[in-house]
There are 2 protein chains.
Amino acid sequence: MRYVVIEDEAAIRRFLRASLPPEEAEIFEAENGKDGLRLVAQKNPDIVLLDLGLPDIDGLEVLRRMREWSDKPVIVLSARGREQDKVAALDGGADDYLTKPFSFGELTARVRVALRRSLRTAPPTVPTLETGGLKIDFEARQVFVNGQEIRLTPLEYKVLAFLARHAGKVITHKQLLAEVWGPAYEDSTHTLRVHMGAIRQKLEPEPARPRYIRTETGVGYRFLLEEGV
Amino acid sequence: MRYVVIEDEAAIRRFLRASLPPEEAEIFEAENGKDGLRLVAQKNPDIVLLDLGLPDIDGLEVLRRMREWSDKPVIVLSARGREQDKVAALDGGADDYLTKPFSFGELTARVRVALRRSLRTAPPTVPTLETGGLKIDFEARQVFVNGQEIRLTPLEYKVLAFLARHAGKVITHKQLLAEVWGPAYEDSTHTLRVHMGAIRQKLEPEPARPRYIRTETGVGYRFLLEEGV
DNA sequence: GAGAATCTTGACGAAATCCTGATATGGGGC
DNA sequence: GCCCCATATCAGGATTTCGTCAAGATTCTC
C-alpha cells in the first residue's frame with residue numbers, strides 16, 4: 001500500500017511513520033501543498049492523508065485541485081474542529097475527517113475503511129481463459145469456439161468452468177460431482193458422462209477425438225492447456 | 001434518497017427527521033435491531049444510520065448480519081466514544097462513525113460523502129446506450145425503439161437499466177431481484193418473469209424471439225450487445 | 001371517492017434441462 | 001481372436017424452469 005502524507009508538522013509525520021508498519025506501507029511525505037500535489041501525481045498512492053494547515057496553499061485548495069484529476073481516497077487530518085471546517089472538507093471531496101489529536105487506532109481503522117472501499121470499486125482482474133480456439137469468459141459466463149458463441153446449460157457450464165479453473169490437473173469424478181452436483185452425488189458417474197458427452201458435442205470439433213478435455217480412464221477428466229493430441 | 005434509521009431513542013429519531021428535508025429524504029425508522037434488519041431488506045435504502053446501543057441485539061451484531069447480504073453504506077451513531085468501539089465498528093463494516101452528541105451539519109456532510117461514494121461505486125455511468133434499434137437514455141430515463149419512445153413502469157425501467165448497465169454479462173435472478181426489489185425479495189422469481197414479459201412485450205419486435213434480452217435458463221438474463229439470433 | 005396504472009399472485013401450457021436405462025465402442029490382458 | 005471393463009452415445013420420459021394470461025390487491029391521480 002502506498003501512502004502520500006501532506007503535513008508540515010514533523011511530529012505528526014513521525015507519528016504516522018511509526019503507526020504504519022513499513023513492511024506493509026510505503027510512505028511518501030510532503031511538507032507543503034505544492035510538493036504534495038506533485039507527489040500524488042507521481043507516486044499514484046492508494047490513499048492520501050492531508051493536513052489542512054499547510055504553509056503554502058490551504059489544504060482545502062489542495063483537495064480541490066486534486067479532485068480535478070484524481071479520485072484517490074483522501075483523509076483529512078486537522079486541528080480545526082469546527083463543524084463548518086468539517087463540512088467544507090467533506091463536501092470538498094474528502095472521504096473522511098479526523099480532528100487532532102487523534103488516536104493511532106482510529107486512524108488506521110479509518111484508513112482500512114477507505115482502502116476496503118476503493119478496492120471494491122475497482123474489480124481486480126478480468127478472468128478469461130483462452131487456449132486453442134476455445135475462450136471462456138468467466139465474468140460474462142460465456143464460452144466461444146473460434147469466435148462463435150456456444151450455449152451451455154447450467155450444469156454443463158459448471159463442469160467446464162470447474163475443469164478450466166483447474167486446467168492441467170486431473171479432476172476425479174468424485175471431485176467434479178461433489179463440486180457441481182453436491183456432496184450427495186459423488187457416485188453418479190453415469191450422469192457426469194452424459195453431460196461430458198453433451199459438452200464435447202458442443203465445443204469439440206471432433207467429439208470423438210477431444211482436444212480440450214481429455215478423459216483419464218479410471219480417474220476422471222483433465223482440461224488441456226496446450227492443445228494435446 | 002431512502003434512509004433507514006435504527007435507533008431506540010425517540011429524541012434522536014426526531015432530530016434526524018428534522019435534519020433531513022422530507023422532499024429529498026424518505027425515512028424508515030426502527031427502534032430495535034430485528035426490525036432494523038427487516039427494514040433494510042424490505043426498503044432497499046440508499047444509506048443506513050445505525051445506533052450501537054439497541055434494546056435487543058447489539059448494534060455491532062446488526063452490522064455483522066447486514067454485511068452478510070448487503071453492502072449498503074452504514075454510518076454508526078453512538079454514545080460510545082472509546083477508540084476500541086470505533087475500531088470494532090469500522091472494521092466490522094461500517095463506513096463512518098459519529099460520536100454522540102454530533103452536530104447536524106457534520107452528520108449531513110458525512111451522509112453526502114457516503115452517498116457520493118456509493119454512487120461512484122455503481123457501474124460507470126454511460127449517459128446513453130444504443131444497440132440495434134434500441135436506445136436507452138439513462139440520464140433522461142427514456143427508452144426508444146426505432147426512434148419511438150417506449151413508456152416503461154418504474155420497475156420495468158429499473159430491471160432494464162440494471163441489465164443494460166451490465167450489458168453482455170449474465171445477471172442472476174437473485175442479483176436482479178436484490179438490486180431492484182431489495183434483498184428481501186431474492187426469491188420472487190415469478191414476479192420477475194412477469195415483468196420481463198411486459199418489458200419484452202414493449203420493446204421486442206418479436207417478444208417470442210427476443211433480440212435484446214436473452215434468458216439464460218436456470219441462471220438469469222443477459223442483455224445482448226450485438227444483435228443475437 | 002372513482003378510475004387508471006401498477007404490481008403481485010395463481011394457473012397452465014410450452015420449452016429447456018436433466019436423469020435413467022439400453023446399447024455401442026474401444027482398449028488392454030489373456 | 002475373445003472377454004471384460006470403463007467409457008461414450010442415444011433415446012425416452014420425468015422434472016424443472018419459463019412465458020403468458022387473467023384475476024385480485026395496491027397505489028397513484030384526478
Side-chain angles (χ1 to χ4, degrees), chain A residues 141 143 150-161 163 170-174 176-177 179-182 184-222 229, chain B residues 2 26 28 42-44 141 143 150-161 163 170-177 179-182 184-222 228-229:
Chain A
R141 197 194 171 283
V143 180
I150 301 295
R151 302 201 54 180
L152 297 177
T153 70
L155 284 177
E156 287 162 12
Y157 179 81
K158 278 193 190 176
V159 169
L160 176 62
L163 284 170
V170 179
I171 306 295
T172 65
H173 302 126
K174 282 202 176 196
L176 255 178
L177 285 161
E179 178 71 24
V180 175
W181 276 262
Y185 298 81
E186 278 189 350
D187 300 320
S188 320
T189 31
H190 181 49
T191 301
L192 174 57
R193 286 204 187 90
V194 174
H195 281 277
M196 185 57 68
I199 294 173
R200 283 176 169 154
Q201 202 64 41
K202 285 181 181 177
L203 59 81
E204 298 277 6
E206 284 180 274
R209 301 169 24 78
R211 285 162 60 185
Y212 301 119
I213 300 177
R214 176 194 293 169
T215 125
E216 301 282 349
T217 305
V219 188
Y221 295 94
R222 184 205 303 268
V229 182
Chain B
R2 300 158 77 90
E26 206 174 345
F28 305 97
Q42 278 179 5
K43 301 299 183 182
N44 200 25
R141 201 194 164 286
V143 180
I150 301 296
R151 283 180 45 104
L152 296 177
T153 71
L155 282 178
E156 287 163 12
Y157 178 80
K158 277 193 187 178
V159 170
L160 175 64
L163 283 170
V170 174
I171 306 297
T172 65
H173 304 123
K174 282 199 174 197
Q175 282 180 286
L176 210 41
L177 285 161
E179 181 68 26
V180 174
W181 275 263
Y185 299 82
E186 277 189 352
D187 299 321
S188 318
T189 36
H190 183 49
T191 301
L192 173 57
R193 276 202 270 279
V194 174
H195 282 276
M196 185 58 67
I199 295 173
R200 282 176 169 153
Q201 201 63 40
K202 287 181 181 177
L203 57 81
E204 297 277 5
E206 283 181 275
R209 300 169 23 79
R211 284 163 60 186
Y212 302 120
I213 300 177
R214 177 203 290 172
T215 126
E216 300 280 351
T217 306
V219 188
Y221 294 94
R222 183 204 302 272
V229 181

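Residue numbers start from 1 in every chain, and the chains themselves are labelled A, B, ... in the order their sequence lines are given, proteins ahead of strands.
Every residue meeting the side chain to side chain donor-acceptor pair (under 3.5 Å) condition with Glu216(A), not counting sequence neighbours, appears here in chain and number order: Arg222(A). By the salt bridge (charged side-chain N to carboxylate O under 4.0 Å, His left out) test, Arg141(B) pairs with no residue at all, sequence neighbours left out. Evaluation of the side chain to side chain donor-acceptor pair (under 3.5 Å) rule for Thr189(A) yields no partner, not counting sequence neighbours. Residues meeting the side chain to side chain contact (heavy atoms under 4.5 Å, CB included) test with Val194(A), sequence neighbours left out: His190(A). Under the side chain to side chain donor-acceptor pair (under 3.5 Å) criterion, Thr172(B) pairs with Gln175(B), not counting sequence neighbours. In terms of the salt bridge (charged side-chain N to carboxylate O under 4.0 Å, His left out) criterion, Glu179(A) has no residue partners (sequence neighbours excluded). Considering only residues two or more places apart in sequence or on other chains, Tyr157(A) meets the ring pair (Phe, Tyr, Trp, His ring centres under 6.0 Å) condition with none of them.
Rounded to an integer number of Å, the gap from CE of Met196(B) to P of dT20(D) is 11 Å. Nucleotide dT17(D) holds its P atom 15 Å from the CG atom of Leu177(B), rounded to whole Å. Note: CZ (Arg209(B)) to P (dA15(C)) measures 13 Å, nearest angstrom. Rounded to an integer number of Å, the gap from Leu192(A) CG to dT17(C) C1' is 16 Å. Look at CG on Leu152(B): it is 10 Å from P on dC7(C), rounded to the nearest Å. Computed from coordinates, the Glu26(B) CD to dT27(D) P distance equals 13 Å when rounded to whole Å.
For residues 195-206 of chain B, the pairs satisfying salt bridge (charged side-chain N to carboxylate O under 4.0 Å, His left out) are Glu156(B)-Lys202(B), Glu206(B)-Arg209(B), with sequence neighbours left out.
Side-chain contact between Val143(B) and Arg151(B) is absent, with no heavy-atom pair separated by less than 4.5 Å.
At its two ends the helix from dG1(C)-dC30(D) to dC30(C)-dG1(D) runs along axes set 30° apart, each axis drawn from five pairs and the angle rounded to 10°.
Taking CG of Leu192(A) as the reference point, atom CH2 of Trp181(A) lies at 5.0 Å (rounded to 0.5 Å). Between Met196(B) atom CE and Leu160(B) atom CG the span is 8.0 Å, to the nearest 0.5 Å.
Within the structure, a side-chain polar atom (N or O) of Tyr221(A) is placed less than 4.0 Å from OP1 or OP2 of dA8(D).
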Interface polar pairs with nucleotides 4-6 of chain D, N/O, under 3.5 angstrom:
| residue | atom | partner | partner atom | Å |
| --- | --- | --- | --- | --- |
| dA6(D) | O3' | Gly218(A) | N | 3.4 |

Would you list the protein and nucleotides 18-21 of chain C atom pairs, both N or O, that sit under 3.5 Å from each other?
| residue | atom | partner | partner atom | Å |
| --- | --- | --- | --- | --- |
| dC18(C) | OP1 | Leu155(A) | N | 3.2 |
| dC18(C) | OP2 | Thr153(A) | OG1 | 2.4 |
| dC19(C) | OP1 | Trp181(A) | NE1 | 2.9 |
| dC19(C) | OP2 | Trp181(A) | NE1 | 3.4 |
| dC19(C) | OP2 | His195(A) | NE2 | 2.8 |
| dG21(C) | N7 | His190(A) | NE2 | 3.0 |
| dG21(C) | O6 | His190(A) | NE2 | 3.0 |

Practice item. Would you check, one step at a time, whether the test side-chain contact (heavy atoms from CB on, under 4.5 Å) holds for Thr217(A) with Thr215(A)? Key: CA-CA 6 Å; Thr217(A) 305; Thr215(A) 125; 4.1 Å; yes
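Among all heavy-atom pairs drawn from Gly218(B) and Pro154(A), the shortest one is CA-CG, 4.1 Å.
A heavy atom lying under 4.0 Å from DNA chain C marks none of the residues of residues 198-208 of chain B.
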